[in-house]
Engineer: 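Can you keep this structure in mind? I'll have questions shortly.
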Amino acid sequence: MKNILVTGGAGFIGSHLVRLLVNKYPQYHIVNMDVLTYAGNLENLKDIEHKENYTFVKCDICDLKKVKTIFNEYNIDSVIHLAAESHVDRSIEDPFSFAQTNVMGTLSLLQAAKEYWIDNYSGKLFYHVSTDEVYGSLGDDGFFTETTKYDPHSPYSASKASSDHFVRAFADTYGLPIVISNCSNNYGSYQFPEKLIPLFINNIINNKPLPVYGKGENVRDWLFVNDHARAIDVIFHKGKLGDTYNIGGFNEWKNIDLIKVIIKTVDRMLAREEGSSEKLITYVTDRAGHDLRYAIDSSKLKNELGWEPSLQFEEGVEKTVKWYLDNKEWMDRVTSGDYQEYYKKTYN
Ligand code: NAD
Ligand code: TYD
């Protein structure tokens, strides 16, 4: 029996993780704590919302007083912390809200966990979900390992790096049992269409321009979101206390090449001439401080805990494109903001 507080469970990765935990571990109680920003959508969890081992609580992670009452009310013994502002372009527009949520929010959760668990840390775990972007940018070769020096460039990655440091500081200073994972770019269903892949799928469907930053030469390492959720499950149960694990797919793509694969797949599924939507590609001004290349070495996770990605990229792209085509209503509701009505109706 465990009482796990998952923060940010109504977001993209969080909703996949909550679904996995609720279905796989009926003996655990999963408490999903989310404030439901524009990126939080409870419709992502419709299929499990009535399960007995699942509870949703609307709460801002920065609200320390309320967070403390939630630890108390649900006798929380583990935290898997995903809640964050997560989009780099938004962080360039408004760095303050990233520092507030990602740094101060993480600090408030750490403080609540420490206070609630301090008399007995046994069986407790604070699992912090982070990103490979804290390591900065690679040149043409090499990989990020768990010992790569932090070198964040965007306000988003700087705020995530700072939150990672606070988590380690709580372990070193107060003995808090922690684990951290740093994952590469995720793709899959339920991703908010501001991120590259769902944005481009939606724009191709609607014959809208595809804004490629710079020359499209930046490289990202893409992992299917369900494989990230599986990795979190493995690290949560088997990870060594105090350790860091890198999660990635050994699956690097130059943006422009990835975009062409997406275009081809959407065109085929819409019975358009394959590649005909390439005419929508529009090169636009590069993102400020745009990291050139991310690549994760996840061999520690494979060698020590036996995790590997389950899906080949081609299969992942097929599944992902098909999901967005089959769930146009989800996309329409998300892009129009209608999904925010769902909370009011369902949870009042
Ligand atoms: P997302 O933006 O889709 O979801 C974030 C969730 O956090 C939303 O449900 C939102 O409502 C919630 N939230 C935001 N501020 C909150 C607050 N103050 N209090 C409570 N809830 C709040 O993000 P995502 O892509 O699912 O990312 C989840 C986590 O994984 C983040 O910590 C991110 O840094 C990390 N990560 C993401 C990726 C990726 O490719 N998306 C890769 C590696 C790591
Ligand atoms: P994104 O999905 O925002 O993830 P991240 O910045 O965290 O890696 O972007 C992935 C890549 O795609 C990144 O190199 C920026 C680029 N990009 C575009 O070229 N155009 C776009 O409209 C977006 C959103 C991203």
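Basis for what follows: all heavy atoms, side chains included, without hydrogens, waters or symmetry-related copies.
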Engineer: Answer yes or no for Arg90 and Tyr38: cation-pi contact, defined as NZ/CZ to six-membered ring centre under 6.0 Å and angle to ring axis within 45°.
Structural biologist: yes

Engineer: Is there a path of hydrophobic side-chain contacts, each under 4.5 Å between heavy atoms, that joins Tyr127 and Ile70?
Structural biologist: no

Engineer: List the steps, then state whether side-chain hydrogen bond (donor to acceptor under 3.5 Å, both in side chains) holds for Tyr294 with Asn185.
Structural biologist: CA-CA 9 Å; Tyr294 302 145; Asn185 284 58; over 6 Å; no

Engineer: Is the distance between the ring centroids of Phe313 and Tyr187 under 6.0 Å?
Structural biologist: yes

Engineer: Where is the tightest heavy-atom contact between Arg272 and Ile204, given as atom of each residue plus distance?
Structural biologist: NH1-O, 2.9 Å

Engineer: Has Lys160 got a side-chain atom pairing as donor or acceptor with Val129's backbone, closer than 3.5 angstrom?
Structural biologist: yes

Engineer: Should we count CD of Gln312 as having more than 12 external heavy atoms under 6.0 Å?
Structural biologist: no

Engineer: I'd like to know if the side chain of Asn102 reaches the main chain of Gln100, judged simply by a donor and an acceptor atom lying under 3.5 Å from each other, with no hydrogens or angles considered.
Structural biologist: no

Engineer: Would Tyr324 and Asn202 count as a side-chain hydrogen bond (donor to acceptor under 3.5 Å, both in side chains) if you check the C-alpha gap in whole Å, the side-chain angles of each, and the deciding distance to 0.1 Å?
Structural biologist: CA-CA 8 Å; Tyr324 286 101; Asn202 196 32; over 6 Å; no

Engineer: Members other than Tyr156 in its cluster, when Ile, Leu, Val, Met, Phe, Trp, Tyr link by side-chain heavy atoms under 4.5 Å?
Structural biologist: Val88, Ile92, Phe98

Engineer: Is there a path of hydrophobic side-chain contacts, each under 4.5 Å between heavy atoms of I, L, V, M, F, W or Y residues, that connects Leu241 with Ile247?
Structural biologist: yes

Engineer: Tell me the closest heavy-atom pair linking Ala231 and Leu301, and the distance in Å.
Structural biologist: CB-CD2, 4.1 Å

Engineer: Verify, without hydrogens or angle tests, whether Ser184 (side chain) and Asp221 (backbone) share a donor-acceptor contact under 3.5 angstrom.
Structural biologist: yes

Engineer: Assert yes or no for the condition that the ring centre distance of Phe192 to His87 is strictly below 6.0 Å.
Structural biologist: no

Engineer: Considering residues, nucleotides and ligands other than Phe166, do more than 12 of their heavy atoms fall under 6.0 Å from its CZ?
Structural biologist: no

Engineer: State the CD1-CG distance between Ile201 and Leu325, to the nearest 0.5 angstrom.
Structural biologist: 7.0 Å

Engineer: What distance separates Leu210 CG from Leu280 CG, expressed to the nearest 0.5 Å?
Structural biologist: 5.0 Å

Engineer: Return yes when atom NZ of Lys195 has more than 12 non-hydrogen atoms of other residues, nucleotides or ligands closer than 6.0 Å, and no otherwise.
Structural biologist: yes

Engineer: Measuring from atom OG of Ser163 to atom NE2 of His128, what distance do you get when rounded to the nearest 0.5 angstrom?
Structural biologist: 3.0 Å

Engineer: Please test Arg230 against Asp233 for salt bridge (Lys or Arg N to Asp or Glu O under 4.0 Å), starting from the C-alpha separation and ending with a verdict.
Structural biologist: CA-CA 5 Å; Arg230 283 177 50 247; Asp233 179 20; over 6 Å; no

Engineer: Any non-hydrogen side-chain atom of Ile296 less than 4.5 Å from a side-chain atom of Cys183?
Structural biologist: no

Engineer: Counting only heavy atoms not in Lys279, do more than 12 fall under 6.0 Å of its NZ?
Structural biologist: yes

Engineer: Kindly indicate whether the side chain of Asn23, heavy atoms from C-beta on, has any atom under 4.5 Å from the side chain of Lys51.
Structural biologist: yes

Engineer: Which heavy atom of Asn203 sits nearest to which heavy atom of Pro209, and what is that distance?
Structural biologist: ND2-O, 3.0 Å

Engineer: For Asn246, is there any backbone N or O sitting under 3.5 Å from a side-chain donor or acceptor partner on Asn182?
Structural biologist: no

Engineer: Do the non-hydrogen side-chain atoms of Leu196 and Leu258 ever get within less than 4.5 Å of each other?
Structural biologist: yes

Engineer: When rounded to the nearest 0.5 angstrom, what is the spacing between CE in Met1 and CG in Asn53?
Structural biologist: 8.5 Å

Engineer: Looking only at the side chains, is there a donor atom on one of Ser137 and His290 sitting less than 3.5 Å from an acceptor on the other?
Structural biologist: no

Engineer: Run the salt-bridge test on Asp89 and Arg287 with the 4.0 Å N-O cut-off and return the result as yes or no.
Structural biologist: yes

Engineer: If Ile, Leu, Val, Met, Phe, Trp and Tyr residues are connected whenever their side-chain heavy atoms lie under 4.5 Å apart, and connections chain through other members, are Leu223 and Leu138 in the same group?
Structural biologist: no

Engineer: How are the rings of Phe143 and Phe250 set relative to one another: parallel (under 30°), tilted (30 to 60°) or perpendicular (over 60°)?
Structural biologist: perpendicular

Engineer: Take Asp267 and Lys264 through the test side-chain contact (heavy atoms from CB on, under 4.5 Å) and record every step on the way to the result.
Structural biologist: CA-CA 5 Å; Asp267 279 348; Lys264 241 172 122 174; 5.9 Å; no

Engineer: When rounded to the nearest 0.5 angstrom, what distance separates CG in Asp164 from CD1 in Ile180?
Structural biologist: 5.0 Å

Engineer: With side-chain contact (heavy atoms from CB on, under 4.5 Å) as the criterion, how do Asn327 and Met331 come out once you've worked through the C-alpha distance, each side chain's angles and the decisive distance to 0.1 Å?
Structural biologist: CA-CA 7 Å; Asn327 290 275; Met331 184 66 98; over 6 Å; no

Engineer: Check this for me: does any side-chain nitrogen of one of Glu341 and Arg333 sit under 4.0 Å from a carboxylate oxygen of the other?
Structural biologist: no

Engineer: Quick check with a 6.0 Å cut-off and a 45 degree axis cone: is Lys68 positioned over the face of Tyr116's six-membered ring?
Structural biologist: no

Engineer: Do the side chain of Lys124 and the main chain of Asn120 share a donor and acceptor less than 3.5 angstrom apart?
Structural biologist: yes

Engineer: Would you call the rings of His29 and Tyr74 parallel, tilted or perpendicular if under 30° counts as parallel and over 60° as perpendicular?
Structural biologist: perpendicular

Engineer: What pair of heavy atoms forms the shortest contact from Val261 to Thr265, and how long is it?
Structural biologist: O-OG1, 2.7 Å

Engineer: Can a side-chain donor-acceptor contact be found between Tyr213 and Asn218 if the only test is distance below 3.5 angstrom?
Structural biologist: no

Engineer: Spell out, as yes or no, whether a donor-acceptor pair under 3.5 Å connects the side chain of Ser15 to the backbone of Phe12.
Structural biologist: yes

Engineer: Where the side chain of Tyr245 meets the backbone of Lys240, is there a donor-acceptor pair that is under 3.5 Å apart?
Structural biologist: yes

Engineer: Got more than 12 heavy atoms from elsewhere within 6.0 Å of CG, Asn206?
Structural biologist: yes

Engineer: Mind telling me whether Tyr28 and Tyr25 have parallel, tilted or perpendicular rings, with 30° and 60° as the class edges?
Structural biologist: parallel

Engineer: For residues Leu42 and Ala10, report the shortest heavy-atom separation together with the two atoms involved.
Structural biologist: CD2-CB, 4.1 Å

Engineer: Is there a chain of hydrophobic side chains (I, L, V, M, F, W, Y, each step under 4.5 Å between heavy atoms) that links Met33 to Leu110?
Structural biologist: yes

Engineer: Is it the case that the side chain of Asn32 and the backbone of Gly9 share a donor-acceptor pair, with hydrogens and angles ignored and the cut-off at 3.5 Å?
Structural biologist: yes

Engineer: Looking only at heavy atoms, which two atoms of Asp34 and Gly11 are closest? And how far apart?
Structural biologist: OD2-N, 3.9 Å

Engineer: Do Asp227 and Trp307 have side-chain atoms, one donor and one acceptor, less than 3.5 Å apart?
Structural biologist: no

Engineer: Assess whether atom CE of Met269 is packed by more than 12 heavy atoms of other residues, nucleotides or ligands within 6.0 Å.
Structural biologist: yes

Engineer: I'd like to know if Asp47 pairs up with Arg19 as an ion pair, taking the criterion as any Lys NZ or Arg NE/NH1/NH2 lying under 4.0 Å from an Asp or Glu carboxylate oxygen.
Structural biologist: yes

Engineer: Same hydrophobic cluster for Ile76 and Leu21, using side-chain heavy-atom links shorter than 4.5 Å among ILVMFWY?
Structural biologist: no

Engineer: Might you work through the side-chain contact (heavy atoms from CB on, under 4.5 Å) test for Asp140 and Arg293, ending with a clear yes or no?
Structural biologist: CA-CA 7 Å; Asp140 287 339; Arg293 175 171 167 259; 5.7 Å; no

Engineer: Output, in order, the C-alpha distance, side-chain angles, deciding distance and verdict of side-chain contact (heavy atoms from CB on, under 4.5 Å) for Leu109 and Phe126.
Structural biologist: CA-CA 9 Å; Leu109 285 168; Phe126 191 103; 3.8 Å; yes

Engineer: Got a donor-acceptor contact below 3.5 angstrom from the Asp257 side chain to the Trp253 backbone?
Structural biologist: no

Engineer: Would the number of heavy atoms belonging to other residues, nucleotides or ligands and lying under 6.0 Å from CD of Glu329 be above 12?
Structural biologist: no

Engineer: Atom NZ of residue position Lys300 - does it have more than 12 heavy atoms of other residues, nucleotides or ligands inside 6.0 Å?
Structural biologist: yes

